[in-house]
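The structure under discussion appears below in the form of structure tokens.
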There are 2 protein chains.
Amino acid sequence: MASIKDVAAEAGLSVATVSRVLNDHPSVSDDARRRVMAAVEALSYRPNAVARSLRTDQTRTLGLVISDVMNPYFTELARSVEEEARALGYSVIIGNADERPELQDHHVTTLLDRRIDGLLVSPTDRGSPRMLEAARAGTPMVFVDRWIPGVDVPVVRSDGRDAVRDLVAHLHALGHRRLAIIAGPAATTTGRERVDAFREALGDHGLDLPDAYIGQGDFQADSGRRVTEGFLDLAEPPEVVFAADNLMALGALDAVRARGLRVPDDLALAAFDDVRWFVHTDPPVTAIAQPTGALGRAAVRALVDRIEGGPGESVTLPARLVVRRSCGEPAPTTQSPHPSPVRRSTS
Amino acid sequence: MASIKDVAAEAGLSVATVSRVLNDHPSVSDDARRRVMAAVEALSYRPNAVARSLRTDQTRTLGLVISDVMNPYFTELARSVEEEARALGYSVIIGNADERPELQDHHVTTLLDRRIDGLLVSPTDRGSPRMLEAARAGTPMVFVDRWIPGVDVPVVRSDGRDAVRDLVAHLHALGHRRLAIIAGPAATTTGRERVDAFREALGDHGLDLPDAYIGQGDFQADSGRRVTEGFLDLAEPPEVVFAADNLMALGALDAVRARGLRVPDDLALAAFDDVRWFVHTDPPVTAIAQPTGALGRAAVRALVDRIEGGPGESVTLPARLVVRRSCGEPAPTTQSPHPSPVRRSTS
DNA sequence: CTGAAAGCGCTTACAG
DNA sequence: CTGAAAGCGCTTACAG
């Protein structure tokens with residue numbers, strides 16, 4: 001591959017001058033500029049970003065460590081992050097933690113070793129020493145979606161409290177009284193907050209959330225299935241299950257289907273996170289939608305601000321309830337077109 | 001951030017020796033090793049990967065340029081690629097082309113500028129000059145899923161021919177005779193091959209594929225919707241639509257639902273690519289499943305082989321048909337539990 | 001406007 | 001086993 005030296009030789013100029021025209025430095029003669037451009041063209045020269053980074057101490061790269069790429073919510077988040085970053089002249093390297101702290105730590109380490117300019121993270125846990133140290137050491141960093149209390153880093157996330165309140169009101173109006181939740185890991189903020197918001201909303205209606213109705217999931221589908229089976233085995237199963245993310249809702253659908261039961265007749269279902277497929281599931285799933293694209297863009301802007309020495313603004317955006325049919329038919333509607341027999345769990 | 005010089009000073013040794021222990025070079029005394037380790041620990045030193053890359057001319061990084069991250073098939077592919085790469089000691093940087101040639105080219109350029117050790121690509125088109133030149137220049141490269149004829153690069157993909165044949169046999173047995181396809185872009189191999197396989201399989205049953213039954217999509221949901229609407233508006237609409245990927249199948253479901261029609265009664269549906277949600281759609285969707293994880297792993301192995309100077313083996317894995325209910329009930333089964341009225345397109 | 005030179009943080013022959 | 005030195009490909013004060 002041609003280096004800047006080759007270009008300089010081809011153009012009959014010094015590497016300093018070549019570098020200047022490549023970086024649009026003002027003090028270059030038109031003649032020099034022309035000759036350099038011609039040489040660049042002739043040699044198909046492309047600057048080596050590695051060398052440039054070593055010299056300038058910036059990589060124009062952002063690291064994004066997310067909990068699970070296979071989760072459509074995070075996939076969309078990653079996509080919007082990349083788009084906004086690209087618009088601002090940055091590349092992004094994604095690290096998929098797969099909800100595993102060691103993997104998260106591996107990616108944080110790798111990213112830091114590569115000297116990314118800033119780090120966007122949606123922590124899987126309360127933070128590894130490496131991550132906390134990086135934050136303390138002043139590595140530009142911002143949390144997206146999930147965050148770690150006590151760490152002084154801007155947070156960009158959505159607040160689902162009002163949407164959860166709307167959801168519970170909706171469920172209550174439909175006559176449901178026994179409401180359960182499939183929670184995310186207690187080590188994550190979203191894992192805890194969604195349970196708290198749910199409990200609080202239940203309280204508004206004089207309902208409480210017994211421990212038996214709090215299932216411990218891990219934001220992945222299998223756990224949603226397992227927890228739902230547990231609920232169904234209860235002497236008094238819940239009437240509704242609220243899954244704290246879309247994958248656990250998928251798992252809940254698996255469980256219901258495996259028992260030959262039906263949603264919402266045997267068990268109503270709602271989910272945090274709205275995904276496109278929810279429109280076409282049987283039945284369409286009522287969900288809480290986050291402004292995912294806006295979140296990703298705001299996170300990048302906050303991070304780039306930090307990189308440039310700014311404070312990096314924290315942002316909280318509201319989520320909203322999208323009612324579909326998985327919690328029961330709204331009252332005024334005519335009878336469902338497929339009246340299915342109400343079967344009950346046999347246990 | 002501490003550099004190797006700081007470590008050398010702290011350990012009272014030369015940077016050469018520090019470098020040797022960091023790289024597990026055999027000729028280092030135990031004493032030196034101990035002192036270096038202690039210094040590394042004391043300073044929380046981490047080698048600068050940028051400097052190392054510049055010196056060694058390798059980044060231990062693979063580039064992956066895929067057509068669309070939001071497509072679950074590619075998300076899963078990306079995930080398996082990253083896993084296998086990590087197991088082999090490589091990181092991966094993903095570039096999302098979003099089915100846009102210019103964006104694909106942007107990512108190829110950026111990746112090459114960063115001097116990735118090898119490139120994995122699922123081309124959106126027939127290849128940009130930059131990509132073709134990189135291949136010719138000997139940049140280690142392998143195509144995954146889609147490929148470019150005439151370019152001498154290993155190809156790792158799945159062959160859906162047999163599965164498509166099985167699908168058509170299934171449709172034929174169900175009594176369907178008017179079969180249509182929502183094709184991918186003709187600029188892609190998968191766009192063309194799936195149509196060819198479909199036409200060929202139809203031929204086996206004495207059926208042909210009229211132009212009116214070939215809808216031009218772009219592998220994204222909206223095009224599936226648009227094409228399906230066109231089919232539904234035909235004087236003689238097809239009885240079945242085969243979407244060449246899962247997103248266009250989603251779009252087809254949108255179109256059918258928007259008209260108040262039902263699958264499979266009004267229009268049967270099958271898709272290339274199986275996704276988890278297909279189990280829970282209304283009705284569950286019959287699909288052709290690719291061995292996505294195996295594809296990703298094989299692609300990485302081929303690429304790493306090329307990087308190490310090997311030939312890089314091309315691999316073709318079979319896809320298989322997964323029958324569900326979106327094309328109609330299999331004959332022996334009892335009546336569907338929700339007999340819905342057969343409505344027809346009004347046009 | 002242009003060039004020679006230093007230096008970014010490493011690795012690695014080459015001597016000793 | 002250890003160190004001094006060169007060099008990877010750039011950028012950027014410093015002189016001129």
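Chain identifiers are assigned alphabetically (A, B, ...) following the order of the sequence lines, protein sequences preceding nucleic acid strands; residue numbering begins at 1 within each chain.
An OP1 or OP2 oxygen of D:dT11 is reached within less than 4.0 angstrom by a side-chain nitrogen or oxygen of A:R52. Distances shown here put a side-chain N or O of B:T17 below 4.0 Å from the OP1 or OP2 atom of D:dG3. Listed pair A:S3 / D:dC8 fails the phosphate criterion, with no side-chain N or O lying under 4.0 Å from OP1 or OP2. For B:T56 and C:dC10, the shortest distance from a side-chain N or O to OP1 or OP2 is not below 4.0 Å. Taking 4.0 angstrom as the limit, A:N23 places a side-chain polar atom (N or O) nearer than this to OP1 or OP2 of D:dT11. Put simply, A:S19 has a side-chain N or O that comes within less than 4.0 Å of OP1 or OP2 on D:dT11.
For B:D30 and D:dT2, the CG to P distance is 10 Å, given to the nearest whole Å. The distance between atom CD1 of B:I4 and atom P of C:dG9, rounded to the nearest whole Å, is 11 Å. A straight line from CG of A:D24 to C1' of D:dT11 spans 14 Å, rounded to a whole angstrom. In this structure, CG of A:L54 is placed 11 Å from P of D:dT11, rounded to the nearest angstrom. At whole-Å resolution of the value, CG in B:D113 and C1' in D:dC10 are 13 Å apart. Atom CZ of A:R20 is separated from atom P of D:dG9 by 20 Å (rounded to the nearest Å). Rounded to whole Å, the distance from CG on A:D31 to C1' on C:dC1 is 11 Å. The separation between B:L22 atom CG and C:dC10 atom C1' is 10 Å, rounded to whole Å.
Within the model, atoms OG1 of B:T61 and CG of B:L111 stand 9.0 Å from one another, a figure rounded to the nearest 0.5 Å.
Side-chain contact of B:R114 with A:S91: a donor-acceptor pair under 3.5 Å is present, judged by distance alone. No side-chain donor from either of A:S53 and A:R115 sits under 3.5 Å from a side-chain acceptor of the other. Side chains of B:N96 and A:E82: a donor-acceptor N/O pair is absent below 3.5 angstrom, by distance only.
Donor-acceptor pairing under 3.5 Å, judged by distance alone, is absent between the side chain of A:R115 and the base of C:dG9.
Residue whose closest nucleotide on DNA chain D sits further toward the 5' end, between A:M1 and B:S27: B:S27.
Here the side chain of A:V28 is nearest to one of C:dT2, D:dG3, C:dT11, namely C:dT2. When each of C:dA6, D:dG7, C:dG3 is scored by its nearest atom to the side-chain atoms of A:R55, the top-ranked nucleotide is C:dA6.
Base pairing of D:dG3 is made with C:dC14, judged by Watson-Crick or G-U wobble geometry with both donor-acceptor distances under 3.5 Å.
Residues A:R35 and A:D31 are paired through a salt bridge, judged by an N-O separation under 4.0 Å between the basic side chain and the carboxylate.
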